[in-house]
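Since the structure comes first, as structure tokens, the remarks are kept for the end.
Both counts, for ligands and for their atoms, begin at 1 and track the order of listing. Positions are given from 1, in the same order as the sequence printed here. Bear in mind that the values here come from a model prediction, so they are computed numbers and not experimental data.
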Amino acid sequence: MKVIVVKDYDAMSAKALEIMKAVVVEKPNAVLGLATGSTPLGLYANMIKDCKENGTSYKKVRTVNLDEYAGLDKNHNQSYAYFMRTNLFEGIDVDLANTNIEDGTAKDREKECERYSRLLDDMQQDIQLLGIGSNGHIAFNEPGTAFDSETHIVDLTESTIKDNSRLFEKIEDVPRQAFTMGLKNIMRAKKILVLANGAGKANAVYGMVKGRVTESVPASILQLHPDCTLVCDEAAASKIV
Ligand code: F6R
């Protein structure tokens with residue numbers, strides 16, 4: 001894994017734009033694997049600014065998102081579909097018809113997982129963006145998830161529910177389940193870009209970069225990817241330097 005340590009969140013977001021933009025400039029119809037959460041917000045703001053000011057175009061791009069809360073409609077303000085529209089898609093020239101995410105309201109959840117995995121088979125990500133959970137999860141693949149997993153439904157752990165509750169009015173409102181791309185779907189990406197910032201991620205970053213490759217630390221699988229870059233700030237890197 002290539003590791004780039006930068007000073008702070010803004011420098012991480014600037015470096016991330018450089019890497020993402022290079023993919024889109026080289027291949028205007030690239031498939032971008034995208035993530036939600038606080039970590040990529042700076043990157044998304046940079047992509048919007050760069051699209052407006054420099055004309056970098058996403059018109060032909062197709063996107064696949066990592067995960068979605070089970071039970072939330074795409075218009076619910078905490079759904080990841082809503083997050084993507086408001087934090088990125090509405091600010092760039094991507095065609096919304098070319099954006100993909102699991103359907104949180106799907107009645108047959110197993111069938112929805114199967115549909116999404118088969119969609120991913122046809123849409124290999126040219127780049128997959130990832131954040132990392134404080135417990136080492138990537139997407140919603142919690143510790144213990146099989147390395148050969150495809151899209152599946154997960155019961156969120158207490159630590160993830162707690163981490164995410166800051167975005168909801170009260171902790172009881174956080175959905176207990178989510179759809180997530182599996183680790184196998186993520187590892188199929190041609191290139192992976194992981195972003196991490198803040199001291200709260202330092203242990204997870206250590207496990208991902210220097211720990212044993214084990215299903216107990218889902219992000220450790222990334223050590224096996226041939227083209228994975230971690231861009232993190234000094235606080236998140238404190239245990240690996
Ligand atoms: C988001 C996702 C999660 C987050 C992770 C970090 O689509 O799949 O794995 O990347 O929970 O979240 P933040 O960025 O909020 O610290």
Carboxylate-amine/guanidinium contact Arg118 Glu114, below 4.0 Å: yes
Using the six-membered ring wherever Trp is involved, compare the ring planes of Phe140 and Tyr69 and label them parallel, tilted or perpendicular (cut-offs 30° and 60°). tilted
Would you indicate whether Lys190, at its atom NZ, is surrounded by more than 12 heavy atoms from other residues, nucleotides or ligands within a distance under 6.0 Å? yes
Answer yes or no: is there a side-chain heavy-atom contact under 4.5 Å between Met1 and His225? no
What residues, two or more places apart in sequence or in another chain, satisfy side chain to side chain contact (heavy atoms under 4.5 Å, CB included) together with Ala81? Glu68, Lys74, Ser79, Arg85, Ile101
Using a strict 4.0 Å threshold on nitrogen-to-oxygen distance, state whether Arg109 and Glu112 make a salt bridge. no
I'd like a table of the close N/O pairs between ligand 1 and the protein (anything under 3.5 Å), one pair per line with both atom names and the distance.
residue  : atom   : partner : partner atom : Å
ligand 1 : 7 (O)  : Thr36   : N            : 2.9
ligand 1 : 7 (O)  : Thr36   : OG1          : 2.9
ligand 1 : 7 (O)  : Asp67   : OD1          : 2.8
ligand 1 : 8 (O)  : Asp67   : OD2          : 2.6
ligand 1 : 9 (O)  : His137  : NE2          : 3.4
ligand 1 : 9 (O)  : Ala139  : N            : 3.3
ligand 1 : 9 (O)  : Ala139  : O            : 2.7
ligand 1 : 11 (O) : His137  : NE2          : 2.7
ligand 1 : 14 (O) : Ser38   : N            : 3.2
ligand 1 : 14 (O) : Thr39   : N            : 2.9
ligand 1 : 14 (O) : Thr39   : OG1          : 2.4
ligand 1 : 15 (O) : Ser38   : N            : 2.8
ligand 1 : 15 (O) : Ser38   : OG           : 3.1
ligand 1 : 15 (O) : Arg166  : NH2          : 3.1
ligand 1 : 16 (O) : Lys201  : NZ           : 2.6

